[in-house]
Enquirer: 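Quick one: the structure is below, questions incoming.
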Amino acid sequence: MTYKTILSMCVLFLLVPAWFGIFWIKILNIRQSAQAVLTAWVLGITEMLALGQLALVPLVAGKFTLTTAVMVIKVLFTLAALLSFYTVLRVWGQRFDRGDVSVFSKTTVGKRQTTPGDKDAKKIGTIFFLLLAVALILLQAWILARYQHIDDDDARFVSEEVSAVVHDTMLVDDPIEDAFMYWDVGETRKELASPWTMYVAACCRIVDTAPAIFSHTLFPFFMILICYGVYALIGQTLFAGDWEKTALFLIFLSALHIWDYTSTHTLGSMLLLRIWQGKASVASFIVPLLFFLFFQILRQRETGRYPVVLYMVSFAGSLLSGIGIVIMPVLTAIYGIVDFCCHRNWKKTLLIWCSAAPCGLYLVYYLMGLA
């Protein structure tokens, strides 16, 4: 592992998604600075996964090479970056015309008036708890990156990624028998609709590193941070933008995850040991992201703009795992009923339910074996 590889990973999982997310914070009209940065980062990662799904499913079905897939993904990423660049130019142009050069405006919603002494004490407490939360999160990410956890799933996931990188193919060689892979049997059929391993292989090509190192060392570190980014957004929503309470919320979640290894299928195990697997990312990233979006949508009586993000999450969840294809429609259907009971808005409810349509299409594609 070289410094060039680490730098490439930082660009791919920090700078690039944050830049992609600028488009979404403009669409969602988020003005509070810290929340805007977190939202941009999280939704930028989601957009990258969604673009990967859009590109890889037809390319895998058409038996294209991994090189072709990497080129297509790079083109889609470039278009997304240009869209964010256009958004930045448009925003700065509008603010320049108004004489306002600030990037985000400060908000005081949900804040109470306090005396100078109270403010100083609260600020010190907030900083202390935030530093403690950050230290715990970084420690969890570092431990998994430093001390690898390898299990039997390596026999399929990592071997498929290695085969794709070395042979420049996509889901052609059987990871167990090293023979031609038939398209309509076992888990290989599922991966036609959820080509997560091929997305990992494409990322390995982009950052120029081996799939085993990527999956067990580099990717888990960044993915754990991203998952806690979603939890921070949930905390900001639950506690009306109070960062002290959000920090305590993250510390509480960290403790739950650290002491949650009672089996290989708990959320703590999925996050801190198996996050490199697509199904673990569904449990630790996609499901919490859905609940964050549901919170935001429920607060709005009218349709709003947050339901649009659900469509992107539908594609992203489909890429990660077959369970993502199933769980997104189930949660969306249940939430649609809850939202209708609260707001009695059929238009909004139908828009929420329709956001699961991509998952439905991929599910049909999987069940019918169309490849």
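Residues: numbered from 1 along the sequence shown.
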Enquirer: Which atoms form the tightest heavy-atom contact between Gln300 and Arg305, and what is the distance?
Expert: OE1-N, 4.1 Å

Enquirer: How far does CG of Leu290 sit from CG of Leu331, to the nearest 0.5 angstrom?
Expert: 6.0 Å

Enquirer: Under a 4.5 Å side-chain heavy-atom rule over Ile, Leu, Val, Met, Phe, Trp and Tyr, are Trp353 and Val309 clustered together?
Expert: no

Enquirer: Can you check whether Met328 reaches Tyr362 side chain to side chain, under 4.5 Å on heavy atoms?
Expert: no

Enquirer: Looking at Ile352, is its backbone amide N or carbonyl O close enough to the side chain of Ser355 to form a donor-acceptor pair, meaning the two atoms are under 3.5 Å apart?
Expert: yes

Enquirer: Fit a plane to each ring of Phe291 and Phe294, take the angle between them on a 0 to 90° scale, and name the class: parallel (under 30°), tilted (30 to 60°) or perpendicular (over 60°).
Expert: perpendicular

Enquirer: Which distance, rounded to the nearest 0.5 Å, do you find between the CG of Leu7 and the CG of Leu12?
Expert: 11.5 Å

Enquirer: Go through it in stages, so that I can follow the logic: the residues are Val207 and Cys203, the test is side chain to side chain contact (heavy atoms under 4.5 Å, CB included), and I'd like the CA-CA distance, side-chain angles, deciding distance and then a yes or no.
Expert: CA-CA 6 Å; Val207 300; Cys203 290; 5.6 Å; no

Enquirer: Pick one: which of Leu272, Ile137, Leu139, Leu132 meets side-chain contact (heavy atoms from CB on, under 4.5 Å) with Ser254?
Expert: Ile137

Enquirer: Can you find a pair of side-chain heavy atoms, one from Ser194 and one from Tyr366, that are under 4.5 Å apart?
Expert: no

Enquirer: Is Phe64 atom CZ crowded by more than 12 heavy atoms from other residues, nucleotides or ligands, each under 6.0 Å away?
Expert: no

Enquirer: Restricting to non-hydrogen atoms, name the atom on Gly278 and the atom on Ser321 that form the minimum distance, rounded to 0.1 Å.
Expert: C-CB, 4.0 Å

Enquirer: What orientation do Phe214 and Phe219 show, parallel under 30°, tilted 30 to 60°, or perpendicular over 60°?
Expert: parallel

Enquirer: Can you tell me if Thr68 and Thr65 form a side-chain donor-acceptor pair at under 3.5 Å?
Expert: yes

Enquirer: For the residue pair Trp346 and Phe340, does the interplanar ring angle fall in the parallel (under 30°), tilted (30 to 60°) or perpendicular (over 60°) class?
Expert: tilted

Enquirer: Among side-chain atoms of Glu191 and Trp196, is any donor-acceptor pair under 3.5 angstrom?
Expert: no

Enquirer: Quick check: does any side chain N or O of Ser314 sit under 3.5 Å from a backbone N or O of Cys359, one acting as donor and the other as acceptor?
Expert: yes

Enquirer: Does the side chain of Lys4 come within less than 4.5 Å of Met9's, by heavy atoms?
Expert: no

Enquirer: Taking the side chain from Trp19 and the backbone from Ala81, do they hold a donor-acceptor pair closer than 3.5 Å?
Expert: yes

Enquirer: One pair to check against ring-ring contact (aromatic ring centres under 6.0 Å, His included): His216 and Phe221. What are the steps and the verdict?
Expert: CA-CA 9 Å; His216 289 303; Phe221 180 86; over 10 Å; no

Enquirer: Does Val57 belong to the same Ile/Leu/Val/Met/Phe/Trp/Tyr cluster as Leu76, with side-chain heavy atoms less than 4.5 Å apart forming each link?
Expert: yes

Enquirer: Roughly how far, to the nearest 0.5 Å, is CG of Asp260 from CG of Leu271?
Expert: 9.5 Å

Enquirer: Is Thr266 close to His257 at the side-chain level, that is, under 4.5 Å between some pair of heavy atoms?
Expert: no

Enquirer: Could you check whether Arg205 pairs with Asp168 (Lys NZ or Arg NE/NH1/NH2 to Asp/Glu carboxylate O, under 4.0 Å)?
Expert: yes

Enquirer: Mind checking the CZ-NE2 spacing from Arg299 to His343? Nearest 0.5 Å is all I need.
Expert: 11.0 Å

Enquirer: Can a donor-acceptor pair be found, under 3.5 Å and without considering hydrogens, that links the side chain of Lys348 to the backbone of Gly336?
Expert: no

Enquirer: If you define the side chain from C-beta out and look only at heavy atoms, does anything of Arg274 sit under 4.5 Å from Lys279?
Expert: yes

Enquirer: Between Ile25 and Ala36, which heavy-atom pair has the shortest distance, and what is it?
Expert: CG2-O, 3.4 Å

Enquirer: At their closest point, which heavy atom of Ile22 faces which heavy atom of Thr87, and how far apart are they?
Expert: O-CG2, 4.2 Å

Enquirer: Would you say Met223 and Phe13 make side-chain contact, with heavy atoms under 4.5 Å?
Expert: no

Enquirer: At what distance, to the nearest 0.5 angstrom, does CZ of Phe295 lie from CG of Leu233?
Expert: 12.0 Å

Enquirer: Using 0.5 Å steps for rounding, measure from the OH atom of Tyr231 to the CG atom of Leu253.
Expert: 7.0 Å

Enquirer: How far apart are the closest heavy atoms of Leu218 and Thr5, and which atoms are they?
Expert: CD1-CG2, 3.6 Å

Enquirer: Is there a path of hydrophobic side-chain contacts, each under 4.5 Å between heavy atoms of I/L/V/M/F/W/Y residues, joining Val11 to Leu51?
Expert: yes

Enquirer: Take atom CG in Asn29; do more than 12 heavy atoms of anything else shown fall under 6.0 Å from it?
Expert: yes

Enquirer: Could you check whether Gln53 and Ser318, counting side-chain N and O atoms only, form a donor-acceptor pair closer than 3.5 Å?
Expert: no

Enquirer: With clusters defined by side-chain heavy atoms of hydrophobic residues (ILVMFWY) lying less than 4.5 Å apart, directly or transitively, does Tyr86 cluster with Phe23?
Expert: no

Enquirer: What about Phe20 and Phe77, are their ring centers closer than 6.0 Å?
Expert: yes

Enquirer: Would you please test Trp243 and Phe129 for side chain to side chain contact (heavy atoms under 4.5 Å, CB included) and show each step?
Expert: CA-CA 9 Å; Trp243 277 105; Phe129 289 124; over 6 Å; no

Enquirer: Does Trp24 reach the main-chain N or O of Ala40 with its side chain, forming a donor-acceptor pair under 3.5 Å?
Expert: no

Enquirer: Do Thr46 and Phe315 have side chains that get closer than 4.5 Å, going by heavy atoms?
Expert: no

Enquirer: Please check: side-chain N/O of Ser215 versus main-chain N/O of Pro211, any donor-acceptor pairing under 3.5 Å?
Expert: yes

Enquirer: Go through the steps to decide whether Ser163 and Val172 satisfy the test side chain to side chain contact (heavy atoms under 4.5 Å, CB included), and finish with yes or no.
Expert: CA-CA 8 Å; Ser163 177; Val172 172; over 6 Å; no

Enquirer: For residues Phe285 and Leu49, determine if any side-chain heavy atom of one lies less than 4.5 Å from a side-chain heavy atom of the other.
Expert: yes

Enquirer: Might you point out which heavy atoms bring Pro329 and Val326 nearest each other, and give the distance in Å?
Expert: CD-O, 3.1 Å

Enquirer: Side chain to side chain contact (heavy atoms under 4.5 Å, CB included), that's the test. Do Leu289 and Val313 meet it? Break it down for me.
Expert: CA-CA 8 Å; Leu289 179 58; Val313 178; 3.9 Å; yes

Enquirer: Are Glu161 and Thr197 close enough, and set up right, to give a side chain to side chain donor-acceptor pair (under 3.5 Å), and what steps lead you there?
Expert: CA-CA 6 Å; Glu161 295 157 12; Thr197 54; 5.5 Å; no

Enquirer: Say whether Leu66 and Val75 are linked into one hydrophobic cluster, either directly or through other cluster members, by side-chain heavy-atom distances under 4.5 angstrom.
Expert: no

